[in-house]
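Just so we're clear, the structure is a prediction, and the values are computed from it rather than from any experiment.
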Amino acid sequence: MHPCLQITEILSEIFASYDEDKENIRTLYSLALVCKMFHEPARDALWRFQRSFVTLVKMFPADVWVETEDRAVVRLLNTTASSPESSMADPSEISLLSPPNLWKKPATLTFKQPLTPSDWTGFQFYAKRMVHLSFGHYDWSVFGGQELSSSVFRAIESSLNLGHCDRPLLQNLSGLSFNQGFGGVSLRDICVFLGPRLKTLHLTISGSFDGLEVFAIAVKARCPTIEHLYISSHERSKRANSFLLDLICSLSSPRTISCEGVTCDSQTLKYLSSLPFLRSLTVRLPKRFAQESFLDSSSNIRPFLALQHLNISVASIADAGEFLQVTSRSSGLTSLSVTFDQIVPTPEQLRAVFTVIQRSSFRDTLTTFALVEEVELSQDSPPLHSLDAYTLSPLLQCRNLEHVTIHVPYGHAAIDNSLLREIAEAWPRLRDISLTSRYDARLWHSKINLQGLSYLAQHCHSLQSVSLQFDASLPATAMYPDKGICCESLTHLDVCHSHVTDPPAVATFLADIFPNLKLDHNFFIRTRSPSPRTAWDYFDDSLSDDDSPEYINMAEHWTDVVQMLEARKQELSQPPTNPNVRMQSLIYN
């Protein structure tokens with residue numbers, strides 16, 4: 001054995017690189033059995049990240065706990081699944097039956113008796129190894145279907161109060177994730193895991209704020225050094241919002257604050273702006289934020305000087321402009337995302353926002369930009385506005401952009417080859433770009449053809465991914481590029497619902513310029529299975545696509561393009577037998 005592999009610290013670093021997926025867990029288990037030198041570091045890595053507290057609870061003596069199933073529910077599910085009538089049932093009246101075991105109610109683990117001091121030995125031996133614990137997002141194939149009864153947490157809390165075990169329960173826990181809708185575990189229950197070493201907290205509030213006040217008070221009292229707080233709340237009550245804002249304002253040195261579904265008031269924003277180490281911020285601005293004089297001389301606001309990543313959701317254009325003015329002196333900002341909630345700005349308003357970005361201190365440091373509008377319009381109606389060169393021109397002054405997403409309900413008819421060439425020349429560092437209008441009708445599509453893609457290949461040498469609805473139905477004679485242009489870095493092209501009439505010409509063009517390309521499209525044709533229908537089939541029906549002849553024709557054309565590109569890849573992977581053979585002969589002959 002190499003001498004380096006006899007150093008525990010080196011082994012710990014190696015084994016810590018394995019994540020928590022199924023295959024890595026098996027690998028770590030095998031490593032733990034290789035030799036005595038590997039055993040402890042591999043076991044530490046196995047217990048480091050846990051998606052199941054059940055595993056640790058089972059370290060209590062076997063006579064303390066028991067697993068039970070809801071026999072009535074299991075019998076009902078299995079009976080329904082085996083019934084021949086179930087395949088023809090109304091989707092509103094059937095259970096999710098495919099596969100039956102996936103939807104079977106999990107077994108519940110409960111305690112049969114109170115805990116004693118001697119019961120804690122096995123638990124403590126493994127508890128000290130746990131660094132991350134998650135309640136939610138179960139991988140059933142790894143951990144199996146099991147839930148914990150609330151009586152387990154009450155018994156543990158009671159035993160801790162009697163001094164049977166030292167607090168905190170998991171002394172080295174630094175990361176905790178909790179989804180309120182998971183397995184019957186409540187916010188009050190997970191208070192037992194809060195401790196002074198907790199650095200990262202992920203909290204998902206589903207539909208009730210029961211226990212939220214108790215939890216928030218416990219976090220403030222027991223976790224003074226939280227650095228990364230992620231909150232996703234579906235509870236929109238003012239009371240729940242107040243509890244969460246109070247929790248945010250109790251943190252003394254956070255580096256990451258992400259508040260999805262939480263509306264920050266001006267007082268909270270002013271507190272956040274003063275934090276010296278805040279690097280990443282995701283917030284929803286209050287309505288009429290711009291009217292609250294956030295920037296007046298009496299506000300004493302410090303403009304988020306350490307901020308590197310900003311994600312804001314706004315209800316008005318004025319609010320977006322006001323807050324970007326606040327952060328305009330954040331000279332280290334590298335990532336900016338703006339979401340307009342249920343509003344569609346005019347091109348003039350959008351240009352004004354881009355102009356604030358252009359004039360900011362972070363113009364030259366910005367590498368990632370995303371603009372998303374969450375508003376629903378009928379795709380059969382004409383676009384209210386069109387995205388054009390005049391609107392985008394201020395953003396083109398941010399010369400170091402690498403990742404650009406513009407996902408707005410604007411028409412793209414004004415986006416043509418000329419504009420795409422301007423984009424390619426303005427953003428030479430571009431790695432991925434997504435310009436989608438969210439609507440499939442052709443009146444929303446751009447006028448870019450395949451020649452426009454050649455400009456990206458010519459000027460953006462690190463390009464990796466492009467998502468764009470364009471017109472690939474134009475004659476190939478007008479768009480074949482200079483034979484010297486080749487972009488091997490582009491590996492993903494999503495053509496969305498682009499139209500194509502000449503698959504061989506398109507495949508030839510793409511294969512010559514982008515030899516490593518994988519192409520995706522959004523034309524899907526469902527195939528009917530002869531087997532009985534399941535609940536998944538009814539779900540697919542709810543996502544039904546157009547079955548018109550034109551739609552089916554486009555799906556077939558793009559499928560042909562995908563197959564031709566794969567054939568070209570296989571051709572290039574084989575030893576060359578005739579250097580003069582081109583893909584065109586493969587396609588046309």
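Atom CZ of residue R279 and atom CD of residue E227 lie 10.5 Å apart, to the nearest 0.5 angstrom. Summarising the geometry, atom OG belonging to S313 is positioned 7.5 Å from atom CG belonging to L285; distances are rounded to the nearest 0.5 Å. The CG atom of L392 lies 6.0 Å from the CG atom of L419; values are rounded to the nearest 0.5 Å. Considering OG1 of T491 and CG of L519, their distance stands at 12.0 Å, rounded to 0.5 Å. Note that OG of S330 and CG of L336 are 10.5 Å apart. Values are rounded to the nearest 0.5 Å. One distance of note links CE of M564 with CG of L510; it measures 11.5 Å at 0.5 Å rounding.
Between the side chains of R351 and S393, at least one donor N or O sits under 3.5 Å from an acceptor N or O. Using modelled atom types, one finds a donor on one side chain and an acceptor on the other under 3.5 Å when comparing D520 with H492.
Proximity of a side-chain donor or acceptor of T508 to a complementary backbone N or O of P504 within less than 3.5 Å is detected. Under the 3.5 Å distance criterion, the side-chain polar atoms of N241 are matched with a main-chain donor or acceptor of T263. Put simply, the side chain of K569 gets close to the backbone of L517: a donor and an acceptor are under 3.5 Å apart. Side chain of R329 to main chain of T327: no donor-acceptor pair is present (N/O by atom type, distance under 3.5 Å, no hydrogens or angles). At distances below 3.5 Å, not a single donor-acceptor pair connects side-chain atoms of E556 with backbone N or O atoms of N553. S446 places a side-chain N or O within 3.5 Å of a backbone atom of Q469 that can act as its donor or acceptor partner.
P428 is not listed as a side-chain neighbour of H459, based on a closest heavy-atom distance of 4.5 Å or more. The shortest distance between side-chain heavy atoms of E550 and H499 falls below 4.5 Å. Looking at heavy atoms from C-beta onward, T436 lies out of side-chain contact with L468 at the 4.5 angstrom threshold. Proximity of V495 to V561: side-chain heavy atoms (C-beta onward) are nowhere separated by under 4.5 Å. For the pair D432/V466, no side-chain contact is recorded, criterion being any heavy-atom separation below 4.5 Å from C-beta on. For the pair L275 and P254, the minimum side-chain heavy-atom distance is below 4.5 Å. For the pair T368/T334, no side-chain contact is recorded, criterion being any heavy-atom separation below 4.5 Å from C-beta on. Side-chain contact between T256 and Y230: present, with at least one pair of heavy atoms (C-beta onward) separated by less than 4.5 Å.
The minimum heavy-atom distance linking I343 with V314 is given by the pair CD1-O, 4.4 Å. Here the closest heavy-atom approach between residue A555 and residue T559 is recorded as O-OG1, 2.7 Å. Across all their heavy atoms, F354 and L371 have their closest contact at CZ-CD2, 3.9 Å. Closest heavy-atom contact between P347 and S386: CG-O, 4.4 Å. In terms of heavy atoms, D388 sits closest to A414 at CB-CB, 3.7 Å. When all heavy atoms of E373 and P409 are compared, the closest pair comes out as OE1-CD, 2.8 Å.
A salt bridge links R431 with E402: the closest approach of a Lys/Arg side-chain nitrogen to an acidic carboxylate oxygen falls below 4.0 angstrom.
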Checklist entry - Should F470 and S498 be marked as a side-chain contact (heavy atoms from CB on, under 4.5 Å) after you check the CA-CA gap, both sets of side-chain angles, and the distance that decides it? => result CA-CA 5 Å; F470 60 96; S498 300; 3.6 Å; yes
Next on the checklist: side chain to side chain donor-acceptor pair (under 3.5 Å), that's the test. Do T200 and H228 meet it? Break it down for me.
Outcome noted: CA-CA 5 Å; T200 303; H228 309 283; 4.7 Å; no
Next on the checklist: Would L281 and N311 count as a side-chain contact (heavy atoms from CB on, under 4.5 Å) here? Give the steps.
Outcome noted: CA-CA 6 Å; L281 178 63; N311 186 333; over 6 Å; no
Checklist entry - Does the side-chain contact (heavy atoms from CB on, under 4.5 Å) test come out yes or no for L245 and C264, once each step is laid out? => result CA-CA 7 Å; L245 294 183; C264 285; 4.1 Å; yes
Item to check | Full working for side chain to side chain donor-acceptor pair (under 3.5 Å) between N449 and N417 | outcome: CA-CA 7 Å; N449 60 28; N417 289 345; 2.8 Å; yes
Item to check | ring pair (Phe, Tyr, Trp, His ring centres under 6.0 Å) between F323 and F304, worked out | outcome: CA-CA 11 Å; F323 196 76; F304 300 94; 5.7 Å; yes
Checklist entry - Could you go step by step and tell me if T365 and N400 meet the side-chain contact (heavy atoms from CB on, under 4.5 Å) rule? => result CA-CA 7 Å; T365 61; N400 292 315; over 6 Å; no
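In summary, the aromatic rings of F369 and H403 are positioned with their centroids too far apart to meet the 6.0 Å limit. Ring to ring, F509 and F514 are not that close: their centroids are 6.0 angstrom or more apart.
The environment of R429 atom CZ is sparse: at most 12 non-hydrogen atoms of other residues, nucleotides or ligands sit within 6.0 angstrom. The number of heavy atoms from other shown groups lying within 6.0 Å of CD (Q464) is above 12. For CD of E488, the number of neighbouring non-hydrogen atoms (other residues, nucleotides, ligands) closer than 6.0 Å is 12 at most.
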